[in-house]
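One structure below.
Positions are given from 1 along the sequence.
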Amino acid sequence: MTSTPAFDPDGPEPTRQGPVRQGPTGPGSTRQGKVMRVSVLTIAVALLAATLAPGTASSAPAPAAWPTTAVTALPASSPAEPPTLTWDDCPEAVAAPGLECATIDVPLDYAEPDGRTIEVAVSRLASTDPQERRGVLLTNTGGPGGEGLSYPAGLRDVLKLPQALLDQYDVIGMDPRGVGHSTPVTCGLSPLDQPTNIPMYARGAADVRAEAKRVAAVAEKCGTSATADVLPHITTANTARDMDRIRVALGESTISYFGISYGTYLGSVYTSLFPEHSDRFLLDSATGPGGWDASFSRLFGQGVEDRFPDFARFAAARPEYGLGETPRQVRAKYFELAARLDKTPSPDGYTGAAFRFATFAALYYDSSLPGLAETWRALDQGEPVPVPGSVTAPAPAEQAAPGEPAAPSSEAAGIPADNYVASQLHVICNDSDWPEQLWRYQVNVAVDRVRYPMFGAAGANVTPCAYWPSEPVEPQVEITDEGPSNVLILQNLRDQATPLAGAQDLRDAFGDRARMVTADQGGHLSYLRLGNDCADDIATEFLLTGVLPADDVACGAP
């Protein structure tokens, strides 16, 4: 029987700090987030984790009668003078053949549409065949916080987006508000302040209390940073409104969309706020209907339990690693190594928490499994652990080959060094309302350590969102079945970053608006990445024709 650690309701409680405008509170307010601390040696591993994912029906534009979420009471769409885009060369760090860039001014606060504006950077890969062109395909690279200007070129050159789609669409990328070449935000954080976006594994109430002190300092820095005045308005709902401004500037009545990881939530919010302007929406590796909130963070525990058997089979089939002859023995080795490192860290700095995180991060892609097995072998034998590359800030992995993170463009563009993690915290902590009582995290950690013993006590741990200096400025957008049937969800069965359970919840929320295609494969992200012709062909056909499958589809292994 597992013992339950004592809770500490008298530990340090979250308090809101910083000169930031407070938003409304109450039952309608909700917010999201996830964070973590690890040894310096494991920061490089976090590169892998940066991406954080039906009856026959036409995706023709919905009639104006489609109801929209109450949040659209804020001015959300076309201004009196339609915005324009003037295309020019892209910034050097993201330039690619055929890719052109522009900026658009958008309201900082859509409740004050004629007030202060900020810039959003946009890119375009124009249709290769004007005769076949039917519209635009907006894209998002996940994160949140992922730069997206170069993504259209990455879809063409790396993921080999089918030529028929390149003919049919202008592919549109963007750095969302607060990110990269758009008006960027900062928290003034060093890499050690907030090295990754996954919470730290907590062994008990004392670990939660210690982590609370660290993440409270992170939140305070965000609330007193050079860009603190824009902090409350970096949200998914506002990014969706920015997307609609881009639609107007492009002269389009509707947009199609392809978003991955967190980008599935952005797409869900857009098509809920603007169903009449939504054409074909492809969502790959879904967070769920609440985006990255406290419930989603706790799903990491279940996600690791779903995904780990793939690694266990890989390691068991390779006796040279010495990790066990069966998957059961490999799983036992996980707990053995974690307990050993909890008691005595390795000479090169691996604690039990760092070991658990390194395992989580390497499960993103099958291509990382050999390196993970070698890390385990080295730790088991008391040898130095290979360091996978240099220590850099996380960057969206979607623009590179699967498992090979792309180099961030921030340093070359004069963007704040902490922009990725800062913008991510802004979105996650502003979108929904996180628990503010420390004892709740201590309880959740104890519960999830039992439910999901491999990683549950990480996903349930406290994050900077508990101490965030601003309340949500509006209620969270509700994802419902009101709107056209024009959403296709792709989901790997065994994804530790955006687990199947979240995708199923999103599918249920959309109702008959959506169909879901599951693929019998592991890791994060699906479309055009894992060679699953069944899933890829259904997704491509949907973007080409707008026709959804008659029912949800279960694709086999590639």
Side-chain angles (χ1 to χ4, degrees), residues 14-35 69-76 105-120 143-145 175-180 182-189 194 215-245 262 265-266 269 273 290-294 416 418-436 463-477:
T15 55
R16 305 290 183 184
Q17 302 182 38
V20 177
R21 195 188 83 179
Q22 301 295 300
T25 60
S29 299
T30 36
R31 189 169 24 210
Q32 326 158 258
K34 77 181 174 187
V35 190
T69 305
V71 174
T72 52
L74 292 178
D105 291 333
V106 298
L108 171 64
D109 182 354
Y110 276 88
E112 300 178 2
D114 296 323
R116 179 180 172 185
T117 63
I118 58 174
E119 279 191 346
V120 171
D175 284 358
R177 61 168 51 207
V179 173
S182 298
T183 302
V185 295
T186 181
C187 288
L189 301 173
Q194 186 70 10
V215 299
V218 170
E220 183 176 8
K221 284 190 174 184
C222 292
T224 57
S225 75
T227 59
D229 56 333
V230 307
L231 180 147
H233 306 292
I234 308 300
T235 68
T236 296
N238 279 338
T239 298
R241 296 181 180 109
D242 296 342
M243 288 169 56
D244 205 56
R245 289 290 178 108
Y262 157 80
Y265 181 57
L266 175 59
V269 168
L273 288 176
W292 197 334
D293 57 9
D418 71 332
N419 178 244
Y420 177 84
V421 67
S423 59
Q424 182 169 89
L425 285 173
H426 280 55
V427 172
I428 291 171
C429 299
N430 285 331
D431 270 2
S432 64
D433 206 16
W434 282 70
E436 297 178 18
T463 82
C465 296
Y467 297 85
W468 200 242
S470 174
E471 296 290 348
V473 296
E474 61 180 308
Q476 194 169 17
V477 177

**Request:** Apply side chain to side chain contact (heavy atoms under 4.5 Å, CB included) to the pair Leu425 and Val218, showing each step before the final yes or no.
**Result:** CA-CA 10 Å; Leu425 285 173; Val218 170; 3.8 Å; yes
**Asked** Between Cys187 and Ala422, what is the shortest heavy-atom contact and its length?
**Response** N-CB, 3.6 Å
**Message:** Donor-acceptor pair, distance only, cut-off 3.5 Å: does the side chain of Thr239 make one with the backbone of Pro176?
**Reply:** no
**Message:** Working to the nearest 0.5 angstrom, can you tell me the gap between Leu231 CG and His426 NE2?
**Reply:** 4.0 Å
**Request:** For the residue pair Val473 and Asn430, establish whether any side-chain heavy-atom pair is separated by less than 4.5 Å.
**Result:** no
**Prompt:** Got a donor-acceptor contact below 3.5 angstrom from the Glu436 side chain to the Tyr467 backbone?
**Reply:** no
**Asked** Under 3.5 Å, is there a donor-acceptor pair between the side chain of Thr235 and the main chain of Asn238?
**Response** yes
**Item:** Close side-chain approach of Trp468 and Cys222, heavy atoms under 4.5 Å
**Value:** yes
**Item:** Asn419 side chain to Gly180 backbone, donor-acceptor under 3.5 Å
**Value:** yes
**Request:** Write down the atom of Ala294, the atom of Pro435, and the distance for their closest heavy-atom approach.
**Result:** CB-CD, 4.1 Å
**Request:** Search all heavy atoms of Pro107 against all heavy atoms of Pro113 and return the closest pair with its distance.
**Result:** CG-O, 3.8 Å
**SB check Arg116 Asp229 (cutoff 4.0 Å)** = yes
**Asked** CZ/Arg177 to CG/Leu108 distance, rounded to the nearest 0.5 angstrom?
**Response** 6.0 Å
**Asked** Quick one: do the Asp431 and Thr236 side chains pair a donor with an acceptor below 3.5 Å?
**Response** yes
**Message:** Counting C-beta onward and ignoring hydrogens, is there a side-chain heavy-atom pair between Val106 and Glu119 closer than 4.5 Å?
**Reply:** no
**Request:** Please identify each residue that fulfils side-chain contact (heavy atoms from CB on, under 4.5 Å) with Ser182, with sequence neighbours left out.
**Result:** Val120, Ala121, Asp175
**Message:** Testing the basics here: between Gly145 and Ser423, what is the closest heavy-atom pair and its distance to 0.1 Å?
**Reply:** CA-OG, 3.3 Å
**Message:** Just so I know, are the side chains of Leu189 and Val421 near enough to count as touching, which here means a heavy-atom distance under 4.5 Å?
**Reply:** yes
**Message:** Could you tell me if Tyr110 and Asp242 have a donor-acceptor pair between their side chains, going purely by distance under 3.5 Å?
**Reply:** yes
**Request:** Heavy atoms only: give me the nearest Val477-Ala237 pair and the separation to one decimal.
**Result:** CG2-CB, 4.1 Å
**side-chain hydrogen bond (donor to acceptor under 3.5 Å, both in side chains) involving Thr186 - partner list, sequence neighbours excluded** = Asp418
